[in-house]
Amino acid sequence: MREMPANQLNPRIKSVWRINDAIWIVVSFLCCFLPFAIIAVVAPEEAWAGVVALIVAILFAALLVLCVVVLPPIRYARWRYELTPDYLDIARGIFWRKRFVIPFIRVQNTDTRQGPILRAFGLSSVTVATAAGEHEIPGLGIEEADVLRDRAAELARLAREDV
C-alpha cells in the first residue's frame, strides 16, 4: 500500500468545519423542531407533539456535540494531499476512507474558491477538475492555495505537452 500523502490542511479548517456544520445542524433542527413545538403549544391535548419535539431536541444536542466537538479533529487528521510532478494525491475520510490519485494528463482546470467563512479565517480551497469530476482541497492558506493552483496548472500543461 502506498504511503499517505505528506501535506496536511491548515489547522484553522477545523473551525470552518465547525461553523459550517453548526449552521446546517441548527437550520435542520429548526425545520424539524418548530412544527412539533407549535403543535404542542397550540394543542396541549396532543401530548405526542411535545414528546417528538423533545426527542428532536435531544438528537440535535447529540448531533451538535458529535459534529462540532468530536469529528473535526479526526477529519483534520485524516485529510492529506501531496503534489508530485506526475499526479495529485488526495486522501480523506473518517469512516469511508477515499484515496484519489489524479494524473496531471487528466487535469482540465484548476481554480481557487473562497466562501465567506473561509475568507473570515484567511483560507481558500483549490479545485482540480477532470472529465470525471472535481476534486477539492479545502482549508489552505490563501498564498499556499494560489501556489498549489498555479503549480498544478503548470504540471497539467507540461503533461499535455509530453503526449
Side-chain angles (χ1 to χ4, degrees), residues 1-34 56 59-163:
M1 183 114 189
R2 182 184 299 201
E3 298 249 347
M4 288 295 287
N7 303 320
Q8 278 193 301
L9 305 176
N10 189 304
R12 292 179 297 201
I13 192 65
K14 292 183 279 188
S15 296
V16 171
W17 287 334
R18 285 181 176 113
I19 291 169
N20 279 334
D21 290 349
I23 289 170
W24 283 109
I25 292 168
V26 167
V27 168
S28 299
F29 165 72
L30 291 175
C31 290
C32 295
F33 177 80
L34 286 178
V56 169
L59 290 175
F60 162 73
L63 190 60
L64 195 62
V65 168
L66 178 69
C67 291
V68 172
V69 176
V70 176
L71 291 181
I74 299 168
R75 188 175 174 189
Y76 173 77
R78 299 281 186 204
W79 233 114
R80 303 222 180 234
Y81 71 95
E82 187 171 2
L83 189 71
T84 70
D86 298 319
Y87 57 84
L88 174 63
D89 190 359
I90 299 172
R92 64 182 174 94
I94 296 173
F95 301 111
W96 290 272
R97 295 184 184 168
K98 294 183 180 181
R99 185 81 180 258
F100 302 98
V101 178
I102 305 153
F104 283 113
I105 191 69
R106 302 283 183 224
V107 172
Q108 297 175 344
N109 185 39
T110 62
D111 64 356
T112 53
R113 296 180 183 169
Q114 188 183 51
I117 299 172
L118 282 174
R119 191 175 315 114
F121 285 90
L123 300 174
S124 287
S125 294
V126 173
T127 303
V128 176
T130 66
E134 290 186 346
H135 301 279
E136 182 179 29
I137 302 172
L140 301 174
I142 294 172
E143 291 177 13
E144 181 184 3
D146 289 342
V147 168
L148 183 68
R149 177 202 60 214
D150 294 344
R151 180 73 178 133
E154 178 66 17
L155 291 170
R157 184 187 64 79
L158 291 173
R160 280 192 299 275
E161 286 178 0
D162 286 346
V163 173

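For reference, positions follow the sequence shown, starting with 1.
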Beyond-backbone contact of F100 with R92, side-chain heavy atoms, under 4.5 angstrom: yes
Closest heavy-atom pair and its distance - R97, G93: CG-O, 3.6 Å
R149 side-chain N/O to V126 backbone N/O, donor-acceptor pair under 3.5 Å: no
Residues 73-82 side chain polar contacts: donor-acceptor under 3.5 Å, at least two apart:
unit_1	atom_1	unit_2	atom_2	d
Y76	OH	L9	O	3.0
Y81	OH	E144	OE2	2.7
E82	OE1	A6	N	3.4

Heavy-atom donor-acceptor pair, R160 side chain to V107 backbone, under 3.5 Å: yes
Validation row: L88, H135 side chains within 4.5 angstrom (heavy atoms): no
Shortest non-hydrogen separation from P85 to F104 and the atoms involved: O-CD1, 3.9 Å
Test: E154 and R151 ion pair at under 4.0 Å: no
Sub-4.5 Å side-chain heavy-atom contact between L118 and I13: yes
Nearest-0.5 Å distance, CG of residue L140 to CD of residue Q8: 12.0 Å
Smallest separation among heavy atoms of G122 and R12, with atom names: O-NH2, 3.8 Å
Criterion side chain to side chain donor-acceptor pair (under 3.5 Å) on E134 and T127, from CA distance to verdict: CA-CA 6 Å; E134 290 186 346; T127 303; 4.9 Å; no
Sub-4.5 Å side-chain heavy-atom contact between I102 and I90: yes
Main-chain N/O of V68 paired to R18 side chain as donor or acceptor, under 3.5 Å: yes
Inter-residue atom distance T112.OG1 - L123.CG, 0.5 Å rounding: 12.5 Å
Atom pair CD1 (I105) and CG (L155), whose distance is rounded to the nearest 0.5 Å: 11.5 Å
Distance (rounded to the nearest 0.5 Å) between L59 CG and L64 CG: 12.0 Å
Closest non-hydrogen atom pair between A153 and T110, with its separation: CB-OG1, 3.4 Å
When the side chains of residues 19-33 are checked against the rest of the protein, which donor-acceptor pairs come out under 3.5 Å, sequence neighbours left out?
unit_1	atom_1	unit_2	atom_2	d
S28	OG	W24	O	2.9

Spatial distance of atom OG (S125) from atom CD (Q114) [nearest 0.5 Å]: 8.5 Å
